[in-house]
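Worksheet: one structure, shown below.
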Amino acid sequence: MLCLKIGSPAAIVRMHSRAFAFYGPVQKHIEDKLHSELRPQHLEVKNESHGRKSDESHFHVLVVSEAFEGLKPLERHRLVNGLFTGQDGSLKFHSLRITAKTPAVWEEDKSVAKRPQCTGRGDGRVATDLEAL
């Protein structure tokens with residue numbers, strides 16, 4: 001997915017290349033939720049699922065939003081993670097890697113930590129249940 005900032009900070013154009021990557025309902029759900037709740041100035045959602053991309057089990061979100069102003073990094077992560085957890089606190093899909101920055105920090109540092117290696121062995125991972133979203 002390619003994200004471009006156009007005009008006002010809230011104007012974001014999302015372009016999806018289906019020829020290169022799977023774009024499914026879980027990724028759309030994540031993007032829609034983040035847009036509606038955090039009104040990001042910059043947003044990237046990447047399906048990092050190993051095995052079949054259509055499993056939609058592992059995601060990385062890069063979110064730049066004024067909603068993070070005054071929050072410590074852990075509080076930013078909890079805010080984003082809380083958008084996707086059920087009443088029991090469990091995540092609706094297997095893995096969510098979060099990079100959450102304020103606009104000022106993003107302007108200074110556009111780096112993103114390298115993703116950790118996930119073997120998928122023994123984690124009980126299955127395709128995401130769309131009904132649970």
Side-chain angles (χ1 to χ4, degrees):
M1 179 174 76
L2 172 66
C3 296
L4 304 170
K5 190 165 85 168
I6 299 174
S8 68
I12 297 175
V13 175
R14 293 180 290 173
M15 298 169 57
H16 307 283
S17 175
R18 293 173 193 243
F20 297 108
F22 178 81
Y23 180 76
V26 178
Q27 184 168 345
K28 182 178 180 340
H29 171 77
I30 293 169
E31 290 176 356
D32 291 348
K33 188 74 147 179
L34 290 169
H35 274 290
S36 68
E37 297 294 327
L38 300 177
R39 297 178 311 282
Q41 291 177 319
H42 182 88
L43 174 64
E44 295 177 32
V45 177
K46 184 177 179 186
N47 181 348
E48 295 183 332
S49 302
H50 46 84
R52 296 183 319 222
K53 295 287 184 191
S54 61
D55 287 349
E56 291 196 284
S57 59
H58 294 65
F59 289 92
H60 173 239
V61 297
L62 166 60
V63 188
V64 178
S65 175
E66 291 178 354
F68 300 137
E69 294 291 345
L71 298 179
K72 295 176 183 178
L74 181 59
E75 293 170 320
R76 295 175 196 168
H77 280 242
R78 286 180 175 159
L79 177 61
V80 173
N81 198 57
L83 298 174
F84 303 105
T85 54
Q87 291 180 350
D88 63 354
S90 65
L91 196 58
K92 298 296 182 177
F93 37 90
H94 180 69
S95 174
L96 180 62
R97 186 167 66 95
I98 300 167
T99 303
K101 297 186 177 191
T102 64
V105 170
W106 178 245
E107 285 303 315
E108 290 177 20
D109 179 16
K110 291 184 168 55
S111 68
V112 176
K114 188 177 176 181
R115 75 178 171 128
Q117 194 71 313
C118 178
T119 64
R121 287 186 225 137
D123 64 11
R125 180 186 58 80
V126 296
T128 300
D129 178 9
L130 298 178
E131 298 296 319
L133 294 178

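Computed from heavy atoms alone, side chains included, the values below leave out hydrogens, waters and symmetry copies. All values reported here derive from a predicted model rather than from experimental measurement. Count residues from 1 along the sequence.
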Gln27 backbone acceptor or donor facing Glu56 side chain under 3.5 Å:
yes

Rounded distance (nearest 0.5 Å) linking atom [atom1] of [X] with atom [atom2] of [Y]:
X      : Y     : atom1 : atom2 : answer
Trp106 : Leu62 : CH2   : CG    : 4.5 Å
His29  : Phe93 : NE2   : CZ    : 7.0 Å
Leu43  : Glu31 : CG    : CD    : 6.0 Å

Within a strict 4.5 Å, meaning less than it, do heavy atoms of the [X] and [Y] side chains meet?
X      : Y      : answer
Phe68  : Val80  : yes
Lys101 : Ser111 : yes
Arg39  : Ser65  : no

List for me each residue that meets salt bridge (charged side-chain N to carboxylate O under 4.0 Å, His left out) alongside [X], sequence neighbours excluded, and say none if there are none.
X      : value
Arg97  : Glu48
Lys110 : Glu107
Asp88  : none

Contact summary for [X] and [Y], nearest pair of heavy atoms:
X     : Y     : result
Leu83 : Lys33 : O-CE, 3.3 Å
Phe84 : Leu96 : CD1-CD2, 3.9 Å
Ser49 : Ser57 : OG-N, 2.8 Å

Same cluster or not: are Val105 and Leu34 linked, directly or through other Ile, Leu, Val, Met, Phe, Trp or Tyr residues, by side-chain heavy atoms under 4.5 angstrom apart?
no

Just jot down the side chain to side chain donor-acceptor pair (under 3.5 Å) partners of Thr99, sequence neighbours excluded, or say none.
His60

Can you sort out the partners of Ser36 under side chain to side chain contact (heavy atoms under 4.5 Å, CB included), two or more places apart, ordered by chain and number?
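Result, side chain to side chain contact (heavy atoms under 4.5 Å, CB included) vs Ser36: none returned.
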
What residues form a side chain to side chain contact (heavy atoms under 4.5 Å, CB included) with Pro103, not counting sequence neighbours?
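Pro103 satisfies side chain to side chain contact (heavy atoms under 4.5 Å, CB included) with Gln41, Val64, Glu66, Glu69 only.
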
Walk me through it: do Leu38 and Leu79 pass the test side chain to side chain contact (heavy atoms under 4.5 Å, CB included)?
CA-CA 9 Å; Leu38 300 177; Leu79 177 61; 3.8 Å; yes

Qualifying side chain to side chain donor-acceptor pair (under 3.5 Å) pairs with a residue from residues 75-86, counting only residues at least two apart or across chains
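Listed once each, the pairs would be none.
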
